Structures are given as structure tokens and as C-alpha cells.
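Here's the structure, in C-alpha cells; my notes come after.
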There are 2 protein chains.
Amino acid sequence: MKNITDIAKIAGVSKSTVSRYLNNGSVSNKTKQKLDKIIEENDYQPNQFARSLRAQSTNMIGAIIPRMNSHAVDETIKGVKKVCDNLNYRLLLNYTNLHSELEIDALETFNRSKVDGVIFMATEITDKHLEVINKMNVPVVIIGQEHPQLNCVIHDDYQAGYMVGKLIGQKSYKKVKYFGVTETDIAVGVKRKNGLCDGLKAFEIEPVISETSFHYKEALKDVSSDLENARDYDVIIGATDSIALAVHKFTFDYEDKLQQPLIVGFGGDPVTEIVTPAINTVEYHFVEAGEIAMSKLQRSIKNQQKDDISVVDVTCAFKL
Amino acid sequence: MKNITDIAKIAGVSKSTVSRYLNNGSVSNKTKQKLDKIIEENDYQPNQFARSLRAQSTNMIGAIIPRMNSHAVDETIKGVKKVCDNLNYRLLLNYTNLHSELEIDALETFNRSKVDGVIFMATEITDKHLEVINKMNVPVVIIGQEHPQLNCVIHDDYQAGYMVGKLIGQKSYKKVKYFGVTETDIAVGVKRKNGLCDGLKAFEIEPVISETSFHYKEALKDVSSDLENARDYDVIIGATDSIALAVHKFTFDYEDKLQQPLIVGFGGDPVTEIVTPAINTVEYHFVEAGEIAMSKLQRSIKNQQKDDISVVDVTCAFKL
DNA sequence: TTGTACGCGTTATCAC
DNA sequence: GTGATAACGCGTACAA
């Protein structure tokens, strides 16, 4: 592999001339053409590490994602990538498979790698997360959870829950079941649930609440044992689309086809419309969230200061 | 951000001592303890770029993935990551959203970034791909497509198709429909189809073949218009699980519930068992493929030479 | 327009 | 066990 000095020698110029050719331009037409050819022939590529070392910046953004096979993650990263492309940042993904320690590890790695900024799709922010993030000398933007000391983009989960609650109340459904998730996840476990309860409360409905897992398979177990002895719900709501799908899977086999409950989920996962009858799901604007997050990050990189939390609206595309 | 010289100054030693402390060891107990403390206090992290520049190697593996929200990609990367963790490589993902130019771009970027090796999940290998890969001075392993000049890991798509064909023939189904994909995708578009046809041929069955898209939505359109006037198939096979799901979606609404066709897909996507009735799908061993690919890459990095194509078996977990 | 000299942060070599 | 020094590849004042 050739370096800038090799190229300079071949061209019979100094390496600063080659460097100028590569960056600003300011070289004579003659040497320009000579270099065009030589660099092409030797397919020379400047060493990115030497560049970064020198420039003290890498033009890279690191993104930490909890998992891959997820509509939410996919869409969010689409948004992030779009802005990255515009701003000429390289996007690197680090995937933690929902492991909290791997998140910490990834944060430290990106910090050490001196990426220009980090996008962190969080499911939970522990004290350890906070400690590591505060020590970092690279700006971080969190997507999906909020924390007063950090730079965050969140979805309006309370509103999402509230909208569903109101829609259900208006249609005068009576018996409502909710499968929620752990309260360590503030966004989904707490706010979404509270929104729903408040929305229902206006109609004097109190849902029956259980807690289950984000994972379809585990949710299916919980849902099955839970609903086995109580099949008279008008509406069953899953805190996520995965959970709603588990509910669908179980209730689909109810003997009495006519009395199947209405099923509602959150997240706008396209799988919800593959099943029949399609599941009603609240649309989250993940792409937009990704774009906003990356723009925020860009500002942090320039200004070094955090701004307020950004809240992305949700939309309820369905009518009950 | 402090560097090794700062730390050395604070400790009152030379930077070579600090470097030794960080790497081999060979320092006195006294200075060791001193450095323990100082490095902790200043949370000093060695600059990765300077290290790589010096070492001429990055300990990083770049992976190029076509999309994120996919069971196949998710599982494959799990396998790759597992081996990476064992070998102490960092894994970087670059996601191309199924854009061929972005793949080329990603290959060049990783080459310039001097990662130690590249894992490339390909849907297609064009001349342009070949040209770029051949110019690279970093080993590349392809997953999912084969090419005589390249280092590849593939699934046994012919066998997968053949197994399905034989199972169908044995059950004496008669009218068989197959929704395939473009033949530019050798693995899925050609081999899977040929396997199926050969498997069926043994039973003198000739399937009716159409071509459609990998994407669920587009497949649904094609499937709908195709099946609208021909609802008397015993078996309908989709070249991928997405296509099979589209078939399910359409045929589920057939008025005559009793005469619903059997549906078969390929890929083992968990979504196929969420729908009811569950779709029969051929299991692909993506995690294993990822592991094999990464092991191959590791060998290439050490030896600089390519070995034979690795073929990963498929399994047919269902009986018809 | 072109070339010289230096520094980015790290590690390896070789004296001491 | 420790410290000075060169080298990794590049960009950029500064001088020519």
C-alpha cells in the first residue's frame, strides 16, 4: 500500500504538493494532471487514521443500537443516516443485542475511537450510563428515553397512550386489558401506561394491567396464561406491537370468533398489518426522530452545549 | 483530553514508561501503582488512531449489511459478532439500505479506513463489485452469494428448494405455484428455484412460476393480481418469507376457507409463525453462516490467501 | 505554485 | 527498570 510520500516521489514533487492536490486544490494544471494519472494508476487512498490523528476529528458518528431486527431501530437509523449523508459524516453502528454492559462498552469504545458524536438508542438509563456519558468528551444524543442532564429526543408516549385511551372510551368499550412492560423503561413502561390510564379515566374505565416482556415469545407465554381464564375483554392493548402480536396470536384461536377483542399496539410495525384482522397501532415517527437527533448532535458538536429535550409527536392513523 | 505525554509529566516519568505500563507491563511496582492512580483520576484513554497508525492495523472488522429490519441479517450478524468478540475484534456495521452504489462506497470506505477485514452480505455481485473488491488490500468475505474468484459463504439454496419440491411431491399435491425473484440474485433467484423445480420434476409436477419483489408490499400487489384469477392452487411457494407472507395475506381472505392453499416460504423468519395458520418455512442457519464467515475472514487476515467456498446446510423443520 | 520542517499520539529500539 | 529517539502517514505554517 502506497503512502503520500511514494506518490510524491513517483510524481517528482514534494508530498505537500500531493497533499494540496488532495485537499484544497491550489496546484498547477500540469502537476494536477500528472497526479490525476498517478493516483489513479496506483489507486492511492490517503490513510484515514493519519488524517484523523492530524485533524483531531474523524468525521464519524457512532450509533449504538439495541437490536437490529426491529422496525423502530431500522426507521430511526434511516433518519440518522439521511442527515449524516447530508453533513458528510460516516455512520458506524454498534449493536448491543439489548445488553446493558455492551452499551457501556460501546460508549467507551466510541469515546476512545474519537468519533465526533454518538447517537444512543436507549431502553433505559442507569446511573452507570450517566456516569460514563458524563465522562465522555464526545457529545451524545439519546433517542427514546429522557434524562434531565442529557441531550434527548423522545416520542410523546404519554400522548400516544392518552389518544388510545380516549378513542376506546369514546366507542364505549367497557372491559379493557393492558399488557405493559417493566417500569425501568420510563418511556414505554411508565409514560405510555399513564397516558392510557388517564385517557380511559375520563370515561371512567379502569384497565386491567399486567406486565410482560418486549420479546414476542415471552410475551406470548404471559399473554396465554393471563387470558386463559379471562376471555371477555372488549379491548386488549399491548405496550408494543410485539406484545399486541402475541395477543393476536392467542386470541385468534378463541372458539367464539364473533367475540374477538379489539387489539391495539404501539409503534407502527408493518407486521401488524400482515396479520388478519390487522392490529391497530399508533404510528411513531422514527425517521423524524432520527433526523432530529442527528441535527441536535451536529449542533452539540459545533457548540459544545446541550439544548432542550425534543419531543416527536405520534399519530393515530386508525379509527376504532 | 489528556495524552500519554501529559500522563507521563504528571507521574514524573517518561512516556515510554507509561506506554510500557499500558502494554507489556515491565515496570516497577512503585510506578505501576502511581500510574494506576493517575490514569484513573484523569480517566486517560490512549488514542486509538495514533495506535492504529503506529501498529498498521486497527483490530476492527467492517460489515456491510443490506438492511436492518431483517431476520436473516440480524441472525447472521449475531454469528459474526460472536466470533469477533472471541477474537477481540471490534465490529463496525455499515448499512446500505439495499443500494448497490452504497455498497461500493462502503467497501471503499472500509478499505481506506484500514479495517483488518470486511464481511459483505451481498444480494448481488456485479462487475463493479468485483473490480472494487479486487483492488482492496483488505480481505473480504462474502455471505449469501458466491463467486469463483471470491471468498464466500453461502446457504445451500438448491438443496432448500429441492427439499421443498420433494416434500410437496410426496404428499401428492398437484397444482403448485411459485413466486420467485430476479435472476440477478443467483442464490435466491436461480438456485432456489432450480432446486424446487428439480425436486418437483421427480414427481412430474411443473410449477407455475411468476417473478416478484423481495419487499412485502410490492410482493402483495403482484401476488394479488396474479392469484385473483387462479385460486385453485394446492400449494403456493414464496421465494422468501416476505413473499410467503404476502401470499398468506391475500389467500387468507379467500371465501372458501376449506380450500386454502398450503403456503411455503424460505428463511425461518419468526413472523411466519405469528400468522395463522403458520407458514411452513425452511430454516436457514444464519448464525452459523456468520460464524463461519468470520472464521474464514480471520484465516484470510492471517494467511492472505482464500480458501474454498463454504456451504451452510439448510433444514426443513416442517412436515407437510 | 512549490518545498521544508514540524507536530498529531503512540510504540519499538536501543542505550543507560 | 527507565528514558531518549525515531517512525507510522498526513496536513499546514512558513519560507522560497
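Naming: A, B, ... by sequence-line order, numbering from 1 per chain. Predicted model only: the values in this text are computed from it and were never measured. Reckoned from all heavy atoms, side chains included, excluding hydrogens, waters and symmetry mates.
- Separating the CZ atom of A:Arg20 from the P atom of D:dG9 is a distance of 21 Å, rounded to the nearest angstrom.
- Rounded to whole angstrom, the span from the CZ atom of A:Phe49 across to the P atom of C:dG7 amounts to 24 Å.
- Taking the nucleotide of DNA chain D with the nearest heavy atom to each of B:Ser14 and B:Lys114, the more 5' of the two is matched to B:Ser14.
- Where B:Leu53 and B:Val13 meet DNA chain D, the nucleotide closest to each residue was compared, and B:Val13 sits on the side nearer the 5' end.
- Between B:Ser19 and C:dT11 there is a side-chain N or O to OP1 or OP2 distance below 4.0 Å.
- Note on A:Ser52: nothing from the nucleic acid sits closer than 4.0 angstrom, heavy atoms only.
- In plain terms, the two heavy atoms of A:Pro139 and A:Leu297 that are nearest each other are O-CD1, 3.5 Å.
- Although no hydrogens or angles enter the test, the distance criterion places a donor-acceptor pair under 3.5 Å between the side chain of B:Asn3 and the main chain of B:Thr5.
- Comparing D:dG11, D:dG3, C:dT4 by their closest approach to the side chain of A:Ser16 singles out C:dT4.
- For D:dC10, the OP1/OP2 oxygens have a side-chain nitrogen or oxygen of A:Tyr44 closer than 4.0 Å.
- The phosphate of D:dG9 has OP1 or OP2 within less than 4.0 Å of a side-chain N or O from A:Asn3.
- Listed pair B:Arg54 / D:dA7 fails the phosphate criterion, with no side-chain N or O lying under 4.0 Å from OP1 or OP2.
- Taking atom CG on B:Leu35 and atom C1' on D:dT2, their separation rounds to 12 Å, with Å as the unit.
- Distances shorter than 4.0 Å separate some side-chain N or O of A:Ser28 from OP1 or OP2 on C:dT2.
- Residues B:His285 and B:His155 share a closest heavy-atom pair of O-CE1, 3.8 Å.
- Taking side-chain N and O atoms only, A:Arg51 has a distance below 4.0 Å to OP1 or OP2 of D:dG11.
- Here C:dC8 is the nucleotide among D:dG11, C:dC8, C:dA12 with the atom lying nearest to any side-chain atom of A:Gln56.
- When the P atom of C:dT10 is taken as reference, atom OH of B:Tyr21 falls 14 Å away, rounded to whole Å.
- The distance between atom CG of A:Asp6 and atom P of D:dC8, rounded to the nearest whole Å, is 10 Å.
- Rounded to an integer number of Å, the gap from A:Asn47 CG to C:dC8 P is 18 Å.
- Nearest heavy-atom pair, B:Val153 versus B:Ala289, reported as atom, atom and distance to 0.1 Å: CG1-O, 3.9 Å.
- The phosphate of D:dT2 has OP1 or OP2 within less than 4.0 Å of a side-chain N or O from B:Thr31.
- When the shell of 6.0 Å around NZ of B:Lys32 is examined, it contains 12 or fewer heavy atoms from other residues, nucleotides or ligands.
- An OP1 or OP2 oxygen of D:dG11 is reached within less than 4.0 angstrom by a side-chain nitrogen or oxygen of A:Asn23.
- In summary, the side chains of B:Lys114 and B:Ser52 do not present any donor paired with an acceptor at a separation below 3.5 Å, with no hydrogens or angles considered.
- Contact check, B:Thr17 against D:dG3: a side-chain N or O comes under 4.0 Å of OP1 or OP2.
- Following rounding to the nearest Å, B:Ile7 (CD1) and D:dG3 (C1') show an atom-to-atom distance of 18 Å.
- One can place NZ of A:Lys2 at 13 Å from P of D:dC10, the figure rounded to the nearest angstrom.
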